2 protein chains.
Amino acid sequence: MTKNKDFWRRIESALNVIGGKWKLLIVIALKDGTQRYSDISHKFPEISERMLVKQLREMEHDGIIIRTVYPVVPAKVEYSLTQSGEKLIPVLKILGLWSLIYLGSEVIGEDLSGPVEVDSTKLNQLIEDIDGILKDVHTKLNRKEDPV
Amino acid sequence: MTKNKDFWRRIESALNVIGGKWKLLIVIALKDGTQRYSDISHKFPEISERMLVKQLREMEHDGIIIRTVYPVVPAKVEYSLTQSGEKLIPVLKILGLWSLIYLGSEVIGEDLSGPVEVDSTKLNQLIEDIDGILKDVHTKLNRKEDPV
DNA sequence: CTGTATCCTTCCAGATACTG
DNA sequence: CAGTATCTGGAAGGATACAG
């Protein structure tokens with residue numbers, strides 16, 4: 001059994017990987033597929049070039065995005081989520097639902113207090129995605145036990 | 001339907017609420033029940049008093065912890081998780097599992113690369129907790145539709 | 001187009017001393 | 001016991017100019 005303390009340190013790491021002011025935005029930019037540097041930059045002009053490059057490098061190092069360079073002139077570089085990055089999406093969505101239900105609107109910023117509905121189909125999809133992750137947990141960590 | 005952009009801003013809020021260097025530690029300190037100020041401080045001596053107070057105040061404002069003052073001398077103040085805070089725990093665990101499976105050990109810090117097992121019972125408990133949250137989503141947001 | 005390099009400012013966090 | 005007040009250094013982050 002993983003020691004409890006170790007496990008909470010894992011959570012800490014996860015928060016470091018997606019925390020900070022900009023990384024979530026980059027995930028959002030890439031969640032629907034590959035984007036060029038300029039696409040991301042244009043999508044979120046608030047991020048300065050300096051910061052964008054820095055965050056992209058860190059996320060690449062953490063293994064949640066991939067950087068592909070095309071040796072052409074003018075330069076062309078594409079970014080996309082790795083599998084780890086893709087798997088992060090449903091986890092973030094859970095976090096969003098938690099926020100939606102349990103966090104007061106004052107905390108969020110007032111303007112999104114309007115009525116909210118949730119698409120049951122998407123919710124079911126989300127459950128399946130989470131199940132997929134838990135399956136991965138099982139196969140990756142308990143290979144020695146009998147497979148479910 | 002919640003607008004997509006709004007929903008991602010919810011996620012951002014959630015990350016703000018638990019992000020930073022210290023807040024997760026406070027959640028950990030409180031996850032097994034009420035603790036006094038000095039208990040927390042003693043449990044994590046790395047947190048300076050200045051920071052501890054600051055983080056506690058923010059978390060209180062965000063509604064994930066509660067502060068109870070007993071008017072006695074010497075002063076006695078207790079902190080505990082609110083319901084929102086409690087519900088956060090399983091969400092964080094999912095995040096930890098993601099980290100455990102998809103994040104390389106180089107990212108985490110080398111020393112916890114040892115063999116890992118996962119307790120199936122706890123995993124099932126986790127699934128139930130998440131289901132509970134999704135149920136809350138449904139009841140809170142789609143009251144007008146027919147209940148499932 | 002996709003970045004680097006440099007400078008400059010602001011803000012955060014640690015240390016320390018003090019209080020009801 | 002449970003904090004506040006103040007000082008200070010360093011890191012994070014913005015603006016701008018330049019390069020392959």
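Proteins get letters first, then strands, A, B, ... in listed order; numbering begins at 1 in each. As the structure is a prediction and not an experimental result, all values here were calculated from the model.
Listed by first and then second residue, the salt bridge (charged side-chain N to carboxylate O under 4.0 Å, His left out) pairs that reach into residues 37-46 of chain B come to none, sequence neighbours excluded. Within the structure, no pair that satisfies the salt bridge (charged side-chain N to carboxylate O under 4.0 Å, His left out) test touches residues 27-38 of chain A, not counting sequence neighbours. The salt bridge (charged side-chain N to carboxylate O under 4.0 Å, His left out) contacts involving residues 128-139 of chain B comprise K87(B)-D136(B), where partners must be two or more places apart or lie in separate chains. Counting only residues at least two apart or in different chains, side-chain hydrogen bond (donor to acceptor under 3.5 Å, both in side chains) contacts with residues 18-27 of chain A comprise K23(A)-E58(A).
Side chain of D62(A) to main chain of I64(A): no donor-acceptor pair is present (N/O by atom type, distance under 3.5 Å, no hydrogens or angles). A donor-acceptor contact shorter than 3.5 Å is absent between the side chain of W98(B) and the backbone of L103(B).
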Verdict with reasoning, L52(A) to I26(A), per side chain to side chain contact (heavy atoms under 4.5 Å, CB included): CA-CA 9 Å; L52(A) 181 53; I26(A) 295 176; 3.9 Å; yes

Residues L24(A), L92(A); criterion side chain to side chain contact (heavy atoms under 4.5 Å, CB included); working and verdict: CA-CA 9 Å; L24(A) 180 64; L92(A) 291 174; 3.8 Å; yes

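The side-chain hydrogen bond (donor to acceptor under 3.5 Å, both in side chains) check on R50(B) picks up nothing, with sequence neighbours excluded. In this view, I66(A) and T68(A), S80(A), T82(A) satisfy the side chain to side chain contact (heavy atoms under 4.5 Å, CB included) rule, not counting sequence neighbours. In this structure, E49(A) has no side-chain hydrogen bond (donor to acceptor under 3.5 Å, both in side chains) partners at least two apart in sequence or on a different chain. In terms of the side chain to side chain contact (heavy atoms under 4.5 Å, CB included) criterion, residue partners of V69(B) (sequence neighbours excluded) are, by chain and number, R67(B), V77(B).
Interface limits on DNA chain D: the 5'-most and 3'-most nucleotides within less than 4.0 Å of chain A heavy atoms are dG13(D) to dG20(D).
Rounding to whole angstrom units, CZ of residue R67(A) and P of dC1(C) are separated by 16 Å.
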Under 4.0 Å protein heavy-atom contacts per nucleotide of nucleotides 13-20 of chain C, with B for base, S for backbone only and - for none: BBB-----

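Here the OG atom belonging to S38(A) is positioned 10.0 Å from the NZ atom belonging to K76(A), to the nearest 0.5 angstrom.
Within the nucleic acid shown, Y79(A) comes within 4.0 Å of sugar-phosphate atoms alone, with no base atom in reach, counting heavy atoms only.
Axis angle, first five pairs versus last five pairs of the helix from dC1(C)-dG20(D) to dG20(C)-dC1(D): 50°, rounded to 10°.
Sorted by residue number, the members of residues 24-44 of chain A with any non-hydrogen atom under 4.0 Å from DNA chain C read R36(A), Y37(A), S38(A).
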